Amino acid sequence: MKVTFKVCFCCVRSYKVKSSEPPQEIKTLFDYYSQNGRMSVDEMLRFVIQVQGETHADSNYVKDIFNMLKHHGVFHPRGLHLEEFYRYLLSDFNSPLPLSGEVWQDMTQPLSHYFLYTGHNSYLTGNQLNSRSSTEPIVKALRRGVRVIELDLWPNSSGTEAEVRHGGTLTSTEDLQKCLNAVKENAFEVSDYPVVLTLEDHLSPDLQKKVAKMVRKTFGGTLFRCRDEYKKCFPSPQALKNKILISTKPPKEYLQTQISQGAPAAESVNAEELIQDEDEKTVAVEYRDLISIHAGNRKGGLKNCLNGDPNRVIRLSMSEQWLETLAKSRGPEIVKFTQRNILRIFPKTTRFDSSNYDPLVGWMHGAQMVAFNMQSHGKFLWMMQGMFKANGGCGYVKKPDVLLSKGPGGGNFDPCSKSIQIKTILKVKIYNGEGWNMDFSQDYFDRYSPPDFYVKASVSCRNRRITFRHNKLQNKTDTDEWFPVWDEEFEFPLRVPELALLCITVKDHDKNTPNDFAGQTCLPLSEIRPGIRAVRLHDRVGDVFQHARLLVRFVLEPPRYSFR
């Protein structure tokens with residue numbers, strides 16, 4: 001097959017395009033597990049157990065594979081040819097992540113034992129300075145599995161109603177009721193596990209009373225009311241299924257007058273003031289009763305912010321900068337704090353473009369709510385999306401035991417410790433790829449020739465990105481090919497594999513201009529199935545391409561290491 005590119009009015013360039021074909025290693029495996037050029041059900045079963053590590057497989061599992069191929073028109077009743085076997089390897093049936101999409105982690109532990117898929121300024125469509133506020137990003141976030149939605153509440157210009165906007169900026173406003181409706185209508189479309197609504201409240205008592213009424217009326221029975229038994233320990237995601245939780249700072253305890261202090265001279269307080277104080281107390285109680293996750297104050301600055309109250313659990317918020325400062329010297333204290341309490345990390349205020357930060361810093365210290373600008377894109381958002389592909393994509397990922405218990409020496413985990421030993425080695429062999437010719441136009445990457453694809457693989461783990469890339473990148477670029485072949489292996493030694501994320505990016509190499517993006521994926525190591533797998537690629541936003549994919553082999557050494 002040839003493709004032709006027009007160089008000028010009278011000149012064209014033609015290239016012979018090869019088709020996607022099995023790499024030599026795949027041919028060798030097929031020969032080993034087949035007879036006379038065909039692979040039977042029993043032989044395929046032996047392959048999926050021994051090579052793919054699917055010890056649960058039986059003949060019915062293999063028959064499902066054969067039926068899948070039958071629907072794709074590449075099935076033969078006497079067994080699979082090499083091409084049919086290759087089609088199976090590149091099919092969605094052979095994903096590196098579990099096919100069932102089921103929640104498999106223990107969901108009965110306190111809420112503080114989980115990472116939550118968390119949004120920041122969830123109503124903004126763009127930058128932090130002058131973009132439009134809308135319900136659209138709220139809906140998109142919830143339909144992607146986000147479980148924590150943030151709304152900033154401010155008085156309107158007349159002071160009579162609460163509205164949603166980013167205060168002190170030129171961003172537009174959005175109607176609060178519309179935002180609440182968007183949460184109600186989309187909260188449980190992709191997950192039954194609870195949605196937390198964090199309210200950054202800048203309201204007067206009268207407006208707090210109005211908001212309390214709106215929240216109760218909108219969410220009704222789905223609104224979770226915190227009982228005394230949960231003051232010392234958060235309830236579990238399992239107990240909170242299909243519930244909406246409100247998280248914000250409690251209103252001030254207003255009544256500091258004679259009513260609460262017990263009877264100074266009556267003449268010092270007039271009746272009108274007493275009535276007003278009683279009204280404010282009522283407002284405070286109504287608003288406070290909505291709050292199931294209390295946001296605490298950072299009293300005492302860096303020195304005392306991690307002093308938890310043994311009689312009460314709270315949510316503490318801090319910027320990415322504050323976390324980085326604390327992490328340098330007080331990492332184990334942060335981990336201890338997050339074993340009972342919830343820690344929320346938010347982007348620094350100078351991220352006007354709605355960019356994001358490295359989420360792994362927060363996760364490695366046990367921070368449950370690492371808040372992200374979901375309207376942005378880039379490598380850190382891809383990591384966030386990859387993390388929450390785990391556990392069936394329900395928006396909750398259980399923290400590993402290393403963050404929930406004391407170590408052998410009796411202390412809490414220190415993410416910055418240099419004494420953490422290597423637990424496992426991940427080997428990733430990338431054979432080849434296909435599908436770009438169907439997802440992109442012929443001249444999308446290069447106007448005058450087919451693309452020159454290369455692959456970059458990296459693992460994010462333990463507060464730093466460890467990137468392995470061939471020194472002679474140009475030699476590993478498959479030039480002028482829609483069906484690139486690399487046959488290259490990457491090796492990653494891992495100390496905290498429970499939180500490791502494998503990130504793969506494909507680009508088109510250009511000599512004189514920036515390299516063109518051609519797809520990415522980020523996979524949680526805790527979920528990756530070993531063996532030879534079809535890895536589907538995603539666009540910059542995180543939406544999966546219809547056809548573009550890689551054929552990759554995953555090996556964990558020692559193989560006995562388990563995340564479950």
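The model shown is predicted, which means the values in this text are computed figures rather than measured ones. When a residue number appears, it is its place in the shown sequence, counting from 1.
Between R553 and E489, none of the side-chain N atoms (NZ, or NE/NH1/NH2) sits under 4.0 Å from a carboxylate O, so this pair counts as no salt bridge. Under 4.0 Å is where a charged nitrogen must lie from a carboxylate oxygen, and between R87 and E83 at least one such pair does. Using a cutoff of 4.0 Å between basic side-chain nitrogens and carboxylate oxygens, D543 and R144 are scored as salt-bridged. R549 has a carboxylate O that lies under 4.0 Å from a charged side-chain N of D92, or vice versa, which qualifies the two as a salt bridge.
Atom CD1 of I293 sits about 10.0 Å away from atom OG of S112, to the nearest 0.5 Å. Atom CD of E136 sits about 14.0 Å away from atom OG of S122, to the nearest 0.5 Å. The CD1 atom of I244 sits 7.5 Å away from atom CG of L223, with the distance rounded to the nearest 0.5 Å. Atom-to-atom distance recorded for Q385:CD and L523:CG is 12.0 Å, nearest 0.5 angstrom. In this structure, CZ in R143 is found 13.0 Å from CD1 in I138, a value given to the nearest 0.5 Å. Y33 OH to D31 CG: the interatomic distance, rounded to the nearest 0.5 Å, is 12.5 Å.
The aromatic rings of Y444 and F440 lie tilted to each other, with the angle between the two planes from 30° to 60°.
Using a 4.5 Å heavy-atom cutoff, the side chains of V496 and F413 are in contact. Contact of the W363 side chain with the M384 side chain is registered, since non-hydrogen atoms from C-beta on lie closer than 4.5 Å. Side-chain contact between K507 and Y454 is present, with at least one heavy-atom pair separated by less than 4.5 Å. With a 4.5 Å cut-off on side-chain heavy atoms, T505 and V455 do not count as touching. With contacts defined as side-chain heavy-atom distances shorter than 4.5 Å, the pair V459/L494 qualifies. Between E434 and L90 the shortest side-chain heavy-atom distance falls below 4.5 Å. Within the 4.5 Å cutoff, the side chain of E43 has no heavy atoms near those of the L80 side chain. In this structure the side chain of M383 reaches within 4.5 angstrom of the side chain of C522, judged on heavy atoms.
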task = Using the side chain to side chain contact (heavy atoms under 4.5 Å, CB included) rule, take E150 and V148 through it: C-alpha gap first, then chi angles, then the decisive distance, then the call.
result = CA-CA 7 Å; E150 181 191 29; V148 183; over 6 Å; no
message = Run the side chain to side chain donor-acceptor pair (under 3.5 Å) test on T108 and D106 for me, step by step, so that the C-alpha distance in whole Å, both residues' side-chain angles and the decisive distance to 0.1 Å come before the verdict.
response = CA-CA 6 Å; T108 63; D106 178 9; 2.6 Å; yes
task = Start with the C-alpha distance between F30 and F47, add both sets of side-chain angles, then the distance that settles ring pair (Phe, Tyr, Trp, His ring centres under 6.0 Å), and finish with yes or no.
result = CA-CA 9 Å; F30 179 80; F47 170 81; 9.4 Å; no
message = The test is side chain to side chain contact (heavy atoms under 4.5 Å, CB included); show your working for M44 and F85 and say whether it passes.
response = CA-CA 9 Å; M44 172 64 93; F85 175 68; 4.0 Å; yes
ask   = Taking it one step at a time, do Y357 and F380 satisfy ring pair (Phe, Tyr, Trp, His ring centres under 6.0 Å)?
value = CA-CA 6 Å; Y357 51 100; F380 292 140; 7.8 Å; no
inquiry  = Between E498 and K423, does the salt bridge (charged side-chain N to carboxylate O under 4.0 Å, His left out) criterion hold? Intermediate values first, please.
reply    = CA-CA 10 Å; E498 301 93 335; K423 288 184 179 179; 3.0 Å; yes
task = Mind running side chain to side chain contact (heavy atoms under 4.5 Å, CB included) on T118 and I149 for me, showing each step along the way?
result = CA-CA 7 Å; T118 303; I149 298 295; over 6 Å; no
request  = Run the numbers on Y86 and E21 for side chain to side chain donor-acceptor pair (under 3.5 Å), then give the verdict.
outcome  = CA-CA 8 Å; Y86 183 50; E21 62 178 48; over 6 Å; no
request  = Evaluate ring pair (Phe, Tyr, Trp, His ring centres under 6.0 Å) for H56 paired with Y61, printing each intermediate quantity in order.
outcome  = CA-CA 9 Å; H56 67 281; Y61 179 83; 5.4 Å; yes
task = Decide yes or no on side chain to side chain donor-acceptor pair (under 3.5 Å) for W436 and E481, but give the supporting numbers first.
result = CA-CA 10 Å; W436 291 278; E481 282 295 344; over 6 Å; no
query = Can you list the steps and then say if F554 with V428 is a side chain to side chain contact (heavy atoms under 4.5 Å, CB included)?
reply = CA-CA 5 Å; F554 302 100; V428 180; 4.2 Å; yes
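Judged by distance alone, the side chain of D439 and the main-chain N or O of F545 form no donor-acceptor pair under 3.5 Å. The closest donor-acceptor contact from the side chain of N121 to the backbone of L124 lies at 3.5 Å or more, if one exists at all. In this structure a side-chain-to-backbone donor-acceptor pair under 3.5 Å is missing from S354 to N373. Panel note: side chain Q368, backbone L343; a donor-acceptor pair is recorded below 3.5 Å. At least one donor-acceptor pair closer than 3.5 Å links the side chain of N94 to the backbone N or O of L89. Side-chain atoms of R495 come within 3.5 Å of backbone atoms of I420 as a donor-acceptor pair (strictly under, hydrogens ignored). In terms of modelled atom types and a separation under 3.5 Å, the side chain of Q375 and the main chain of G126 share a donor-acceptor contact. A distance-only check finds no donor-acceptor pair linking the side chain of N356 to the backbone of P347 [under 3.5 Å]. In this structure a side-chain-to-backbone donor-acceptor pair under 3.5 Å is missing from S526 to P524. With T338 contributing its side chain and V335 its backbone, the two residues share a donor-acceptor pair below 3.5 Å.
Under the 6.0 Å distance and 45° angle rule, K398 does not count as a cation-pi partner of F115.
Heavy-atom contacts from other residues, nucleotides or ligands closer than 6.0 Å to CZ of F517 number more than 12. Summarising the local packing, CD of E189 is surrounded by more than 12 heavy atoms from other residues, nucleotides or ligands at distances under 6.0 Å.
Annotation for V397 and A390: closest pair CG2-CB, 4.1 Å, computed over non-hydrogen atoms. The two atoms that bring V196 and S247 nearest to each other are CG1-CB, 4.0 Å, heavy atoms only.
Results of the side chain to side chain contact (heavy atoms under 4.5 Å, CB included) test with F453 over V506, V485, N432 single out V506 as the only residue that passes.
Counting only residues at least two apart or on different chains, the salt bridge (charged side-chain N to carboxylate O under 4.0 Å, His left out) pairs with a member in residues 45-64 are E54-R529, E54-R533.
Donor-acceptor pairing under 3.5 Å is lacking for the side chains of S40 and D42.
Applying the salt bridge (charged side-chain N to carboxylate O under 4.0 Å, His left out) test to K429 and every residue at least two apart in sequence or in another chain returns E25, D487.
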